[in-house]
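Residue indices begin at 1 and follow the sequence shown.
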Amino acid sequence: MKTEDFQVMYEIEDTYWWYVGMRHIFLSLIDNHYHANSKLRILDAGCGTGGNLGHLRRYGRVTGIDLSSEAIRFCSLRDRQGCDLIQSSLKGVPFHDAVFDLVTSFDVICYIDEDLLALQELSRVLKPGGRLIVNLPSYGLLRSEHDVAVCIEKRYTSSQLAGMMERAGLTIERITYANTLLFPIEAVVRIARKWPARSISEAKSDLIVLPPIINRWLTKVLYLEARLLQRVNLPFGLSVIGVGRK
């Protein structure tokens, strides 16, 4: 990601509908397996500017790693009580085998060319019985200017993600799509706005501040999906989520 994208992420990560709504979905999936004060050892792999770290702290001690020194710098501006920060690639996670009870990775593997190697590393540092919960953008057809602007390498189907997790040594507990209710509109927009042939440096991210009423409405849509995901898997969506057990 570009330096200015980290600045934008840091400024809007706690209020922007996509971050807030998808985080709510992600945490609701964690709540299916763990409760507050579980005293877990947790790794947030690709922690970005740190928006998820404080939320993960309710489950135990959190370590955040990210390849970008700029991301780590923004993380350090947040309340770090109960969190450790390390600059590191996911292709060489700097921990011994079987250290963590829970590893989370929120839209990060998609930035890595050797994505299977990264998943294998995250699996390696899990304790037996530990879980990896990973979220990724879906469907290569939806690749757009935003993906180019923020350097997303790949998008995934549910079967692709499941296959990678199994090859990384994980037993699949759940694979589901998310951001489903908004999928028809967003899919049409993304396909219609395919990235034109121009300099990568000119590509623009979709991260823009929205009017508050629209931001609140979109957030509520994802909150509704979180409730649906407590009962069923969703058949398609803008994101795909996998839960795997070591």
Side-chain angles (χ1 to χ4, degrees), residues 1 5-6 8-32 44 46 48-49 51-52 55-56 104-111 115 133-162 165 174-196 203-243:
M1 291 177 64
D5 290 326
F6 285 116
V8 173
M9 181 188 298
Y10 177 76
E11 291 175 352
I12 70 174
E13 196 171 12
D14 294 331
T15 57
Y16 189 66
W17 71 274
W18 187 86
Y19 287 117
V20 175
M22 290 302 296
R23 183 184 301 124
H24 188 71
I25 288 173
F26 212 62
L27 292 172
S28 72
L29 295 178
I30 295 176
D31 286 338
N32 287 340
D44 189 22
T49 59
N52 293 334
H55 297 275
L56 291 171
T104 62
S105 186
F106 190 87
D107 273 356
V108 178
I109 302 294
C110 52
Y111 290 95
D115 47 5
I133 303 181
V134 58
N135 179 78
L136 290 167
S138 65
Y139 303 123
L141 181 64
L142 299 184
R143 183 168 172 80
S144 67
E145 182 177 354
H146 170 80
D147 297 56
V148 176
V150 300
C151 304
I152 290 175
E153 291 280 343
K154 299 177 184 177
R155 287 176 163 267
Y156 301 81
T157 63
S158 58
S159 60
Q160 287 171 333
L161 178 56
M165 293 178 73
R174 189 172 189 185
I175 297 285
T176 182
Y177 288 97
N179 211 333
T180 298
L181 299 176
L182 297 172
F183 178 85
I185 297 173
E186 183 66 18
V188 169
V189 170
R190 281 182 173 266
I191 293 171
R193 293 173 53 198
K194 278 293 185 181
W195 181 55
K204 302 297 184 183
S205 166
D206 290 344
L207 293 178
I208 57 173
V209 177
L210 298 172
I213 189 171
I214 295 177
N215 194 70
R216 286 195 298 270
W217 181 81
L218 293 172
T219 302
K220 288 180 179 179
V221 171
L222 292 186
Y223 273 45
L224 173 59
E225 282 198 16
R227 295 178 64 182
L228 292 173
L229 285 166
Q230 293 297 313
R231 296 170 174 81
V232 296
N233 289 333
L234 299 177
F236 57 86
L238 297 169
S239 296
V240 58
I241 299 173
V243 180

Distance from [X] atom [atom1] to [Y] atom [atom2], nearest 0.5 Å?
| X | Y | atom1 | atom2 | answer |
| --- | --- | --- | --- | --- |
| D107 | Y19 | CG | OH | 8.5 Å |
| L182 | L218 | CG | CG | 6.0 Å |
| T104 | L56 | OG1 | CG | 5.0 Å |
| T49 | E13 | OG1 | CD | 3.5 Å |
| R174 | I241 | CZ | CD1 | 8.0 Å |
| I213 | N215 | CD1 | CG | 11.0 Å |

Measure across [X] and [Y] and return the closest heavy-atom pair with its distance rounded to 0.1 Å.
| X | Y | value |
| --- | --- | --- |
| M165 | V243 | CE-C, 3.8 Å |
| G51 | R23 | O-NE, 3.7 Å |
| G46 | V108 | O-CG2, 3.2 Å |

**Message:** In terms of relative ring orientation, are Y223 and H24 parallel, tilted or perpendicular, with 30° and 60° separating the classes?
**Reply:** parallel
So do [Y] and [X] actually touch side chain to side chain, heavy atoms under 4.5 Å?
| X | Y | answer |
| --- | --- | --- |
| N233 | I175 | no |
| L234 | F183 | no |
| L222 | V20 | no |
| R216 | T219 | no |

**Prompt:** Does T157 have any side chain to side chain contact (heavy atoms under 4.5 Å, CB included) partners at least two apart in sequence or in another chain, and if so, which?
**Reply:** Y139, S159, Q160, Y177
**Item:** All side chain to side chain contact (heavy atoms under 4.5 Å, CB included) counterparts of K154, not counting sequence neighbours
**Value:** D115, Y156
Would you check if the side chain of [X] reaches a backbone N or O of [Y] as a donor-acceptor pair within less than 3.5 Å?
| X | Y | answer |
| --- | --- | --- |
| R143 | I152 | yes |
| E225 | T180 | yes |
| S239 | N179 | no |

**Prompt:** Got a sec, which residues hit side-chain hydrogen bond (donor to acceptor under 3.5 Å, both in side chains) with N32, two or more places apart in sequence or on another chain?
**Reply:** none
